[in-house]
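Everything below concerns the one structure shown next.
Letters A, B, ... mirror the listed sequences (proteins, then strands); counts begin at 1.
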Amino acid sequence: MRLLATLVHCPNLVIKQANATTRSSLSDTLGQQIFPDCSTPMQRMSRLFVRTLRDNPSEATLVSHRLLLRGGYIRPLGAGIYSMLPLAWRVQRRIEQIIREEMSQIDCQELQMPFVHPSDLWEHTGRFESVGPEMVRFQDRWDRDMVLAMTHEEIATDLGKWFASSYRQLPVSFYQFQSKFRDEPRPRGGLLRVREFTMKDAYSFHPDFESLDDTYNQFVEAYVRAFRRCGIEPAVVESDALAMSGSMAHEFHCLTPAGEDTIVVSPTGTYAANMEVATARKPVFDHGAPAPLTKVATPGKTTIEEVAAFLDLELHQTLKAVFYWTGDALAFVAIRGDLAVNEAKLRHLLGVPEIRLAADQELEAAGIVAGYASPIGLDNVTIVVDDSVESSTNLVAGANTPNFHLTNVNYPRDFQGTLVGDVSQVRPGDLHVESGEPLELQAGIEIGNTFKLGTFYSEKLDATFLAADGSQHPIVMGSYGIGIGRLAASVVERYHDDDGIIWPSSIAPYDVHVVQLGDSAVATGADVLAGELEASGLSVLLDDRSESAGVKFNDADLIGIPLRLTVSKRTLAAEAVEFKARTDENAENIPRDQVVATIKKAHADGIAALTPDAPIPMPSLG
RNA sequence: CGGGGCGUGGCGCAGCCUGGUAGCGCACCUGACUGGGGGUCAGGAGGUCGCCGGUUCGAAUCCGGCCGCCCCGACCA
């Protein structure tokens, strides 16, 4: 009774003291940080820095974008630039905490590298030149070239070089949570594709590739565990290793229709790859024995579809010409008409970092007739031949003369390719190269990636170590990234309903949402309850506003804290508290003296439902 | 980069075509009532109509330029 009287006068003070004591003892007992540093004393909603919106913001089409805006989680400042408001920040910090725990499990240490870099390291690796306008460059007051960090390989390598002079100091790895700025041509979808974002990025350093392989696998497992603890079962897929000048790379995807990446998977899970690198058996068609080259009139027919229809042929009986500009030259891609060019594969085959479709003027300058382009008789143009053309006979191609095409074009009889290889996109239903399974396409959000960098950066930056035999070698490296905000947005895409977000217990901004409906007696009861919950180790958001029940319940659903308790005259009279999980349809009354234990259990069950230790399906991890 | 759409109070929008005191709903403030799913009534506060220039007696509205935001697309040869 005396406690109650004290609470009425100064509830916060008492609760804070109770918390401080409980915290240290719990931490000691369990030997770990139960309260991450994002934990604060019970948050009163009347004081929370948040505004929920009743109407949907018109700019948001994706679910996560819409709900994060409506719930008062984020606020846009410019295209792809967001403030993380307290609710979102707490989610971010909880995600970070999970990652910290997983990183410490594999002996990876946290540090922080700068966000603004002098350009010289980037010039040494060549990326100051090779990276496009997505890297922001500027001059400081002394006209020195500077860049905003879009990634940290150069800086990390520099640190590794400074640290590791001997094999005895290897392997070693470190990570950071740090802002990145990438001037994306098209930011979109709220937090899904932004320009400024927080990335967790890690870098590992090794004496040899075997050591890199070991650590790489450890990172992949740690990442899968971290994603699962956040509620996402990631698809681990092969990806474009050359993007970071590496030898092997994987991406971690949250499979959802909202994703903007396309993942190629086999139904049994033996194959999963990003569209950029995916391969498949190409359907082969029998077009008969090579026949004599013939010129035919095709007046006004400039597209493959028109030509095929005009000559009454299937698309696969045509040769499509697609032109790319490689920065200083034209590349003519000859591909079977039913296939599409995969630009990432083409980039690799050409060995250039950036390509784009060629402009009409560039075609004219090379003497190519748009609409009737032909690889036959072309000089001074790089001709890339997709292997689909190599394996076909009697194709129809342009004649490089207006209104004429050539039939019975055969490779290599009629023209020579500068490069021959696979530059086509996999299509749904294409067969897996080895197993012959039909492949499926799925949309995914890339929430993480891992790269075996090898010695690309260490060689460029002269980061070497001394081996046991006294010889000097470049350090072998790996890098590993997770987009924190994108991960949070992916979780919202995955966990929501019509009313709002439904956070997994592990990363919700608060563990419990206590809704107080009523006068001062109810307020006191809610305060005491919230204090008890906090003392038990749970974080609490207490809705103490003088709003109607409907407003409070709707806000609670929108914000999406997984467990909700309601205190009202009604529940006080019943010596109970109403409990409703966000995922449940109906609420139930819990006897007052069992509330804390019940909620603790519900929270623990919510965490336990996530299964970080389940087997990890990883296609071809080398 | 290409195409489309949109900039009017914190959010959602009308007004623009046909120039003449800047409006509505929600949110916000005050008071009363109400009190378990965005409640009712009364009274309020809040806007350089994205920016610059032009036309006009007069511009949110018409004209020109610029900026910003959203969405879609980026294999036509």
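Atom P of B:U34 sits at a distance of 47 Å from the matching atom of B:C70, rounded to the whole Å.
When only modelled atom types and interatomic distance are considered, A:H603 and A:S505 share no side-chain donor-acceptor pair under 3.5 Å.
Taking every side-chain heavy atom of A:F323 into account, B:A77 is the closest of B:A77, B:C72, B:G12. With B:A77, B:G39, B:A27 as the candidates, the nucleotide lying closest to the side chain of A:S548 is B:G39. Checking B:C71, B:C75, B:C76 against every side-chain atom of A:E343, the shortest atom distance belongs to B:C75. The side chain of A:E547 sits closest to B:C28 out of B:C71, B:C28, B:A27. You'll find that the side chain of A:P57 is closest to B:C11, out of B:A27, B:A77, B:C11. Side-chain atoms of A:N554 lie closest to B:G37 of the nucleotides B:C75, B:G12, B:G37.
Nearest heavy atom pair, residue A:E276 against residue A:D240, reads OE1-CB, 3.5 Å.
Within the nucleic acid shown, A:A373 comes within 4.0 Å of sugar-phosphate atoms alone, with no base atom in reach, counting heavy atoms only. Heavy atoms of A:G190 sit nowhere under 4.0 angstrom from any nucleic acid atom. Contacts of A:S424 with the nucleic acid, taken as non-hydrogen atoms under 4.0 Å apart, are absent. Across all strands, A:R564 comes closer than 4.0 Å to base atoms (heavy-atom distances). At a threshold of 4.0 angstrom between heavy atoms, the contacts of A:G398 with the nucleic acid are absent. If you check every strand for non-hydrogen atoms under 4.0 Å, A:Q425 touches a base.
Taking only distance into account, the side chain of A:R545 never meets the base of B:G35 through a donor-acceptor pair shorter than 3.5 Å. A donor-acceptor contact under 3.5 angstrom links the side-chain atoms of A:D557 to the base of B:G37. Applying the 3.5 Å distance criterion, the base of B:G35 shares no donor-acceptor pair with the side chain of A:D519.
For B:A77, there is no paired nucleotide, since no Watson-Crick or G-U wobble pair has both relevant distances below 3.5 Å.
Regarding contacts with the backbone of B:G12, a side-chain N or O of A:S58 is found under 4.0 angstrom from either OP1 or OP2. Considering only side-chain N and O atoms, A:R186 lies under 4.0 angstrom from the phosphate OP1 or OP2 of B:C72. Taking side-chain N and O atoms only, A:R54 has no distance below 4.0 Å to OP1 or OP2 of B:C11.
No more than 12 heavy-atom neighbours from other residues, nucleotides or ligands sit within 6.0 angstrom of CD on A:E314.
A:D387 and A:K282 are joined by a salt bridge, as a carboxylate oxygen and a charged side-chain nitrogen come within less than 4.0 angstrom of each other.
Listed in residue order, the members of residues 66-86 of chain A having a heavy atom less than 4.0 Å from RNA chain B are A:R70, A:G78, A:A79.
Ring pair A:F285/A:H316 is parallel by interplanar angle, where below 30° counts as parallel and above 60° as perpendicular.
If A:A60 and A:K569 are placed on RNA chain B by their nearest nucleotide, the residue sitting closer to the 5' end is A:K569.
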